[in-house]
Number of protein chains: 2
Amino acid sequence: MSDKRSPARRPTMKDVARHAGVSQSAVSFALNGRPGVSEETRDRVRRAAEQLGWRPSAAARQLSGEGAATVGFVLARPADTLGVDSFFLQLVSGIQEVLAERHLGLLFQVVEDVDDECAVYRRWWAEHRVDGVLVVDPRTDDPRPDLLDELGLPAVVIGGAPDERHPGLSTVWADDAGAMASVVDELYALGHRRIVHIAGLPGLAHTERRIRTLRAEAGRRGLAEVESVTTNYSDAESAAVTRRVLGRSAPPTALIYDNDVMAVAGVATAAELGFSVPADVSVLAWEDSALCRMVKPWLSALSRDSVEFGRTAARELTALVDGGPARTVRVPVPRVIVRDSTGVARRG
Amino acid sequence: MSDKRSPARRPTMKDVARHAGVSQSAVSFALNGRPGVSEETRDRVRRAAEQLGWRPSAAARQLSGEGAATVGFVLARPADTLGVDSFFLQLVSGIQEVLAERHLGLLFQVVEDVDDECAVYRRWWAEHRVDGVLVVDPRTDDPRPDLLDELGLPAVVIGGAPDERHPGLSTVWADDAGAMASVVDELYALGHRRIVHIAGLPGLAHTERRIRTLRAEAGRRGLAEVESVTTNYSDAESAAVTRRVLGRSAPPTALIYDNDVMAVAGVATAAELGFSVPADVSVLAWEDSALCRMVKPWLSALSRDSVEFGRTAARELTALVDGGPARTVRVPVPRVIVRDSTGVARRG
DNA sequence: ATTAGTGACTAATACGCTTTAGGTTGGCCG
DNA sequence: CGGCCAACCTAAAGCGTATTAGTCACTAAT
């Protein structure tokens with residue numbers, strides 16, 4: 001029934017074989033670089049395949065044990081949370097770059113929560129759909145590493161901490177703790193003593209890591225008025241929290257936002273409340289993007305190369321799929337790009 | 001070699017058959033709702049499958065003629081262009097919603113240009129990897145519809161104009177022309193006579209459609225100082241163009257930006273140049289998102305439901321894949337959301 | 001009472017590929 | 001000159017599913 005819109009028939013190996021005047025197995029040997037055919041024949045087969053525009057059927061190939069030539073990527077965020085987030089598109093773009101070289105497909109899925117995500121992994125595994133997966137947003141007390149271990153599905157955790165309990169998983173991580181330490185250094189040097197960290201989703205490993213580090217750094221310097229508040233990464237919650245903390249009798253002099261969107265919303269809110277940035281309050285965005293240069297004042301930001309992050313993760317996954325060992329690699333520490341939204345703390 | 005990390009073996013149909021004490025074909029019949037097995041056996045088989053956690057191998061299924069249970073989505077934008085764009089993530093999110101119901105996978109790829117995109121379609125087709133594709137960013141003089149026709153690959157063009165030259169393709173489109181007409185109406189009524197449209201990529205069908213309509217509407221009203229300027233959708237080009245046109249001796253009193261990112265960058269640039277929005281110049285964003293409420297003044301915007309757009313497209317594609325007829329469906333005309341960035345034109 | 005027909009199931013085949021096990025040459029050694 | 005090995009190639013099996021063609025027992029119809 002769908003034949004009527006299938007004018008072109010896909011050539012099969014048999015066609016190539018007939019065309020080159022050899023057996024089907026010879027074609028397989030020739031094109032996969034196996035021994036067993038003369039160079040001359042190999043060439044002839046290659047030309048025949050080329051001419052017919054033949055490409056191996058992914059399904060057939062997989063069925064005879066070659067793997068799915070596909071990796072999976074699940075994004076577990078409620079639909080309304082993934083609005084203006086530059087990070088993921090950039091990450092995916094980097095991932096693609098590496099996968100494309102190897103002609104690996106990327107199976108992509110957006111789900112509501114981690115449970116759904118686990119269900120997707122199970123299904124993909126059972127249906128042989130992917131050779132491995134990329135896991136983002138690792139959490140404290142995350143069910144996914146155990147599951148992936150159990151399934152024996154090669155996986156790279158992006159943004160997690162090194163995890164020796166799951167030796168089968170590779171990890172690609174950024175040193176959030178180090179970055180947070182340097183941020184506190186910087187703000188402290190500028191005289192800031194009351195700092196609020198508008199964090200991302202509670203339960204995410206890097207959120208917790210940043211919060212812990214901030215607390216530790218504050219403790220080390222004897223700062224009592226330093227705190228973290230978790231949000232859902234949205235501009236709305238950012239605005240709400242900003243309004244709340246700036247409304248205090250002794251408002252913070254510095255705000256650290258866990259992404260660029262929240263930082264922009266925060267600056268707008270501060271302006272509404274009559275706070276001038278950076279004169280009254282300094283703002284730092286934990287994620288750099290074009291957004292940070294689209295508002296006045298330009299936002300100081302922690303910059304990391306998300307595209308390269310993606311590339312690294314994809315490279316680790318392909319290595320893993322090829323049977324290589326699991327590894328833990330650290331990408332460069334995000335650097336603080338000082339622009340116009342941070343300055344010396346106001347006295348008082 | 002990869003066996004050592006494959007502790008769990010995936011159950012096959014044969015396992016289910018053995019477990020239920022029937023033949024393999026009986027299992028197939030039972031689970032696919034075919035006649036040929038008693039209700040009692042069907043139940044027994046179903047339970048066995050359930051218990052073993054069996055799921056059909058996607059590859060095997062496809063090899064026996066069932067299609068790939070996957071649709072493709074290619075995004076042809078240079079990596080640096082897909083920074084802060086809320087549209088695509090929302091679109092994809094809507095697409096996923098519909099595909100997930102049907103247990104269809106989404107194979108996603110980012111490429112540099114349309115030629116690469118065509119190559120991807122050819123490869124997917126030849127490798128039997130997808131049952132259909134979603135095409136975005138249709139162009140004037142687009143090679144893709146012809147190619148997809150030739151390959152007989154079911155496809156839905158998102159955002160194109162109805163196209164009777166390719167009866168095999170479905171089209172889901174928004175009425176850009178109508179929207180532009182209403183925008184001009186609105187601005188004209190506010191007294192604007194000099195209008196600049198900072199458009200998106202030249203060559204994109206909807207860009208050209210908007211430009212043509214703007215020109216026609218201007219002509220109809222005898223407005224000579226109305227023009228469109230194409231860009232690459234980036235904040236940088238938007239800023240450059242904004243600076244240029246506002247620097248004229250008789251600057252425009254209204255600016256229409258083809259996306260939210262450019263509009264935000266435009267407002268920032270206008271502010272830098274000492275133009276107050278909307279007192280000196282009105283700004284309208286052709287795309288609504290959280291961004292529009294993150295800058296001061298809040299941006300008036302053309303709003304459409306991108307998630308629903310994605311859902312509609314995905315529904316059309318599944319229908320097409322199921323052998324249904326190609327259709328052309330129009331989503332609701334984007335509505336103008338008036339916020340604070342548009343106002344009465346300044347006299348002079 | 002024989003036959004046709006039906007319901008419930010099994011055996012066998014196809015899908016397109018990889019891989020293993022043969023098979024046929026020709027050259028070289030003993 | 002028989003035997004053996006390497007080089008080249010073909011036949012056949014297997015991957016997991018859907019499907020087509022039986023098989024068998026039993027009932028309904030002639």
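We name chains A, B, ... by the order of the sequence lines, and we start the count at 1 in each one.
- With salt bridges taken as basic N to acidic carboxylate O contacts below 4.0 Å, one links A/Glu308 and A/Arg311.
- Proximity of A/Ser64 to the phosphate of C/dC17: no side-chain N or O atom is located under 4.0 Å from OP1 or OP2.
- The CZ atom of B/Arg55 lies 14.0 Å from the OG1 atom of B/Thr12; values are rounded to the nearest 0.5 Å.
- Nucleic acid contact class of A/Arg42 (heavy atoms, under 4.0 Å, all strands): none.
- Between the CG atom of A/Leu63 and the P atom of C/dA14 there is a distance of 16 Å, rounded to whole Å.
- Of the two residues near DNA chain C, B/His128 and B/Ser25, the one whose nearest nucleotide lies more 5' is B/Ser25.
- Considering only side-chain N and O atoms, A/Arg34 lies nowhere under 4.0 angstrom from the phosphate OP1 or OP2 of C/dT18.
- Counting any heavy atom pair closer than 4.0 Å across all strands shown, B/Gln24 reaches a base atom.
- Using a 4.0 Å heavy-atom distance criterion, A/Glu66 is classed as a sugar-phosphate-only contact.
- The interatomic distance linking B/Asp43 (CG) with C/dA8 (C1') rounds to 16 Å, in whole Å.
- Within the 4.0 angstrom heavy-atom criterion, no nucleotide atom of any strand lies near B/Gly65.
- Between B/Phe29 and B/Arg55, the residue whose closest nucleotide on DNA chain D is further toward the 5' end is B/Arg55.
- Residue B/Thr12 is classed as a sugar-phosphate contact, given heavy-atom separations below 4.0 Å to backbone atoms only.
- Sorted by first and then second residue, the side chain to side chain donor-acceptor pair (under 3.5 Å) pairs involving residues 58-68 of chain B (not counting sequence neighbours) are B/Asn32-B/Arg61.
- Between the side chains of A/Ser28 and A/Ser25, no donor N or O sits under 3.5 Å from an acceptor N or O.
- Look at CH2 on A/Trp54: it is 11 Å from C1' on C/dT18, rounded to the nearest Å.
- In this structure, the separation between CH2 on A/Trp173 and OG1 on A/Thr312 is 14.0 Å, given to the nearest 0.5 Å.
- Residue contacts shown for B/Ser38 are limited to sugar-phosphate atoms, with no base heavy atom under 4.0 Å away.
- Summary of the strand contacts: B/Val22 and A/Val27 both lie near DNA chain C, and taking for each the nucleotide with the nearest heavy atom, the more 5' one is attributed to B/Val22.
- Atom CZ in B/Arg129 sits about 14 Å away from atom P in C/dC17, given to the nearest Å.
- When the salt bridge (Lys or Arg N to Asp or Glu O under 4.0 Å) test is applied to A/Glu39, the partners found at least two apart in sequence or on another chain are A/Arg42.
- Side-chain contact check for B/Arg129 and A/Thr70: at least one donor-acceptor pair (N or O, by modelled atom type) lies under 3.5 Å.
- First and last contacts of DNA chain D with chain A, using any nucleotide atom under 4.0 Å from a protein heavy atom and ordered 5' to 3', fall at D/dC8 to D/dG16.
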